[in-house]
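Chain letters run A, B, ... following the sequence lines, proteins first and then strands; every chain starts at 1. Below, all heavy atoms of this structure are taken into account, side chains as well, without hydrogens, waters or symmetry copies.
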Amino acid sequence: MDKIRFYPIDTTYKIINNKPVIYLFGKTSEDKQICVLYEDFLPYFYLIPETGQDLKSRLESFEVKNEGETIKIFKVENVKKRYYGEDVNALKIFTKLPSHVPILREEIKTIEGIKSINENDILFVRRFMIDHNIIPMSFYDVEGELINSNLKVPSFKASSIVLSETDKVPKPKILAIDIETYTPSHKEIVPEKNPIIMLAFHGDGIKKVFVWKHFKTDLDYVEFVDSEATIIEKFKETIAQYKPDIITGYYSDGFDMPYIKARADKYKIKLDLGLDGSELRIKKAINVTAQITGIVHLDVFKFIRKIMAGTLTTDKYNLDSVAHEILNEKKHDVNLDDLSKIWDTDVEQLGEFCKYNLHDATLAYKLAEKLMPTIIEMVKITNLPIYDVNRVGYSQLVEWYLLKQSPAFNQIAPNKPHGKELIRRRSIRIKGAFVFEPKPGLYKDITVFDYRSLYPTIIGSHNISPGTLNCSCCEGTAKKVPLEFQNRWFCEKRKGFIPTLIEDLITRRMRIKEIIKDHEGEQHRILEARSNALKLLANSFYGYLGFYAARWYSLDCAESTTAYGRYYIKQVISKAEKEKFEVIYSDTDSVFLTLDGKKKEDALMFAEHINRELPGLMELEFDGFYPSGIFVSAKMGEGGAKKRYALASETGEIKIKGFESVRRNTSTISKETQEKVFEIILNEHDNKKAFEYVKGVINDLRNKKIPLDKVIISTQLKKPIEEYDAKGPHVAVAQRLKNRGENIGPGSSIQFVVTPGSDIIRNRARLPDEIKEGEYDQDYYINHQVVPAVERIFNVFGYKKEELIESKDQTKLEGFFK
DNA sequence: GGCTCCCGGGG
DNA sequence: GTGTACGGGAGCC
């Protein structure tokens, strides 16, 4: 009997000798790849009979004929469980193979006296990992022996697998890839037709670009090969030699991997990268995915889009914007439209593109490295392997955390909804948060308070859970859900499943926050990531309860959560007004007050009074102090627009909320003008100056002093020109390009400028190179680009948009500070 | 408003 | 793989 220590990274199972065998690919504590095999685990699911029904003996002899084979139930056990807050006598039904489960389930369903069949869709390996407490990226002591196998890594057959260390953080080996392909400008990306021209790798100690045309260069990382097929061979070879635990790329699920696969297919090259010799698998569903057995394929883009999006300020998720925000690095500035031409006619210029190629791989690598701690924390909380954490959304993260915890509560998990129920749930909209409509205006001395994790703390403090809803033990005695739900209460005697778990997440995070100050460097980053992961997950519970496809879906719970939310925020508002603060705005969990002559300390005292009366983990926190801020008016009516304001901090930093400042269909001049206006108004308090500034811009437009590149509007063609019913300006321009014989199709980026005339817009759209400097329709840019961007801001001061447009000076100054 | 369709990223 | 798929914005009545 041997002993090893290892951490699992990627998991699967195979049927060997008619038995399912679990494969845990991972790394030993000596950092060697290994696969731990385990075979003493059987698939099972639960059956809950109607009360009084005894189905055990009937099920024990149950069998189904399937494709000539007789499938039997392997074993049935009586178990006492909890289901939706009730004790139930259930049957645990074991089968021989995972594939037998759906077959048996379908037949068993027809038996009379069944209340429900549960947990029949939890995948075999995941079931094993939950039951055996196998947490990916955590270290285990394994007893067993090395055996022969045809895997590319040693195989260790385990007799026992025991968690040894949870805090030691593994350092998986990451390899980033990026390809450049032959794509003539204005043409679609077509893997079936166009070759890969270069391939870059970035890993620990490896920087390489393979390219299959020769040119003179000093770049030492460039390696010339003779054909595209050799590039694909190099792809395999590099991976085999480097032995990464993780292969990463930016949008590699949707682009690089499928492209490489398509080209490999063309040359009949087998991409047998899997540690079991299996091929790279490309799955084309709604979302394309690329998977390799034993090696995690991490698509950085997917994780950022699905999990990190809310914590980033960018609203574009291309590599350039994301790298800029997360790494403070930009992509190399080359014009990709030129690459194919240069490839055909001017190879000596390819060096720049090799640099670009490697840099993209480097950025993907750095992003993967940076996000790894957060990903690993998500993995540890949910038990899902990295591959899955990378691809699921928040609802699935919450659900797997609940599924992982449910055995500890002796619970049977509810089923996912199907068919009509799904449609019904989908159509329901619940009443959301309370928003206090702001009076448009400029304000000073704004103090902002918000409830720390409002919904999570409400769920915890008020014991909101499907199993505690309207319990019989508290009927008539428990406090009712505020206001409109007086027929609803939650148990006050027994803590529910979801409140227990959510409070666990919150308190774990609070503990981390306490100790984080005493750590620095690597350790600090890990704690930061852990805290962030816990917060993201806790914040997702409310959404999960109201998510139509959730197992623990509960409309009553979701509605009660927002009802309590409205109750608590309104309470702060009315108490603040009683204390003579002016409440200017409130949204969901935050309140904006002006001091109205009082001191900052008075506001802090006020919050402290509120906190004395809050239950459980609920807390109203001081969020910030802003010397000035502006709330703009709504398009319709008199009131202020919700969720649209800008604040200036004590250091003069400007926070803009809710204004669509970066939009694809806007020109640079419109965006620039809006930003400048906020700056002048909030920091210099000079609305006249801001007004004059805009008038200046408008004048410059009139006098054609604004350069052409600031009025260019850029849009991408998304489908063949003929397929557009609504022909916008960019479609019209594309059509003309095509008529001229240029290659225009989906993916072409169309840039245009609106030129003067009386015809409809699309007939006046021109390519920038078709026209001369200044040849744009000043009125269009004034009325449809610049004025709409700032109109609402000036409404606050009583300016009308007509005054902006008027060429004669005419200003009003009243209503500066409200 | 509500409903449907399209798109994201990538070269 | 013991499976299923998202979510937001624009355009259209």
Side-chain angles (χ1 to χ4, degrees), chain A residues 12-15 20 42-46 93-106 117-128 178-191 194-198 249-259 281 283 285-289 291 299-302 304-306 309 315-322 331 334-340 343 353 356-357 360 364 388 391-396 399 415-418 422 427 429 543 547-549 660 663-665 715-716 718-719 723-726 728 746-749:
Chain A
T12 188
Y13 84 96
K14 292 175 193 295
I15 307 294
L42 283 180
Y44 66 86
F45 57 98
Y46 292 108
I93 300 173
F94 291 85
T95 71
K96 231 173 154 210
L97 295 179
S99 60
H100 290 176
V101 171
I103 298 165
L104 286 163
R105 173 195 64 203
E106 286 310 304
I117 297 174
N118 292 67
E119 302 195 14
N120 54 73
D121 54 356
I122 295 174
L123 301 182
F124 182 63
V125 180
R126 298 223 182 121
R127 173 88 277 164
F128 166 76
D178 184 55
I179 58 168
E180 305 305 322
T181 66
Y182 186 85
T183 309
S185 68
H186 295 308
K187 288 200 95 178
E188 215 180 337
I189 297 174
V190 192
N194 295 321
I196 294 168
I197 59 191
M198 45 183 91
Y250 200 83
Y251 199 51
S252 41
D253 252 353
F255 178 69
D256 301 74
M257 291 298 191
Y259 209 109
R281 291 184 298 286
K283 250 208 283 185
I286 287 177
N287 268 316
V288 187
T289 56
Q291 194 170 17
D299 181 345
V300 188
F301 160 73
K302 277 215 172 133
I304 288 171
R305 250 305 298 276
K306 294 197 136 174
D315 56 355
K316 286 192 67 129
Y317 299 99
N318 55 25
L319 181 54
D320 196 45
S321 319
V322 167
K331 276 176 67 128
V334 296
N335 189 356
L336 271 182
D337 274 342
D338 297 340
L339 174 56
S340 299
W343 180 257
F353 289 92
Y356 169 86
N357 189 198
D360 275 8
D388 294 285
R391 286 163 184 78
V392 301
Y394 279 112
S395 65
Q396 291 300 296
E399 188 146 292
N415 284 326
K416 289 187 191 170
H418 298 281
L422 202 60
S427 66
R429 289 275 170 283
F547 173 55
Y548 60 86
E660 52 288 275
R663 274 265 288 276
R664 273 167 288 280
N665 287 354
T715 325
Q716 214 184 9
K718 292 304 180 190
K719 51 186 181 185
E723 285 176 28
Y724 277 92
D725 292 328
S748 299
S749 169

Gap separating the [atom1] atom of [X] from the [atom2] atom of [Y], nearest 0.5 angstrom:
| X | Y | atom1 | atom2 | value |
| --- | --- | --- | --- | --- |
| A:Glu106 | A:Ile117 | CD | CD1 | 8.0 Å |
| A:Leu422 | A:Lys416 | CG | NZ | 10.5 Å |
| A:Lys331 | A:Tyr250 | NZ | OH | 9.0 Å |

Between A:Tyr548 and C:dC6, does any side-chain N or O lie under 4.0 Å from OP1 or OP2?
yes

Short side-chain N/O contact to B:dG11 OP1/OP2 from A:Lys331, under 4.0 Å:
yes

Length of the [atom1]-[atom2] vector between [X] and [N], whole Å:
| X | N | atom1 | atom2 | result |
| --- | --- | --- | --- | --- |
| A:Gln396 | C:dC6 | CD | C1' | 11 Å |
| A:Lys306 | C:dA5 | NZ | P | 13 Å |
| A:Phe547 | C:dT4 | CZ | P | 14 Å |
| A:Arg305 | C:dG7 | CZ | C1' | 8 Å |
| A:Trp343 | B:dG11 | CH2 | P | 16 Å |
| A:Arg391 | C:dC6 | CZ | C1' | 15 Å |
| A:Asp320 | B:dG9 | CG | P | 12 Å |
| A:Asp178 | B:dG10 | CG | P | 10 Å |

Check every strand shown and say whether [X] touches a base, only sugar-phosphate, or nothing at a heavy-atom separation below 4.0 Å.
| X | value |
| --- | --- |
| A:Tyr13 | sugar-phosphate |
| A:Asn318 | sugar-phosphate |
| A:Leu97 | nothing |
| A:Ile103 | nothing |
| A:Arg105 | sugar-phosphate |
| A:Phe124 | base |

Of the nucleotides [options], which one has an atom closest to the side chain of [X]?
| X | options | answer |
| --- | --- | --- |
| A:Asp337 | B:dG11, C:dT4, B:dG9 | B:dG11 |
| A:Asp360 | C:dT4, B:dG9, B:dG11 | B:dG11 |
| A:Glu180 | B:dG11, B:dG9, C:dT4 | B:dG11 |
| A:Phe301 | C:dT4, B:dG9, B:dG10 | B:dG9 |
| A:Leu422 | C:dA5, B:dG11, B:dG9 | C:dA5 |

Under 3.5 Å, side chain of A:Ser340 to main-chain N/O of A:Thr183, donor-acceptor pair present?
yes

Indicate yes or no for a side-chain donor-acceptor contact from A:Asn194 to the backbone of A:Ile189 under 3.5 Å, with no hydrogens or angles considered.
no

Judged by each residue's nearest nucleotide on DNA chain B, which is more toward the 5′ side, A:Tyr356 or A:Asn287?
A:Asn287

Distance check, C1' atoms only: B:dG11 and C:dG7, in whole angstrom units.
26 Å

Quantified in whole Å, what is the P atom distance between nucleotide B:dG10 and nucleotide C:dA5?
28 Å

Can you say whether a donor on the side chain of A:Tyr251 sits under 3.5 Å from an acceptor on the base of B:dG9, or the other way round?
yes

Does the base of B:dG9 carry an N or O that pairs as donor and acceptor with the side chain of A:Asp299 under 3.5 Å?
no

Judged by each residue's nearest nucleotide on DNA chain C, which is more toward the 5′ side, A:Tyr44 or A:Ser395?
A:Tyr44

Aromatic plane relationship, A:Tyr44 with A:Phe94 - under 30° parallel, 30 to 60° tilted, over 60° perpendicular:
tilted

Run the side-chain contact (heavy atoms from CB on, under 4.5 Å) test on A:Glu180 and A:Phe353 for me, step by step, so that the C-alpha distance in whole Å, both residues' side-chain angles and the decisive distance to 0.1 Å come before the verdict.
CA-CA 9 Å; A:Glu180 305 305 322; A:Phe353 289 92; 5.8 Å; no

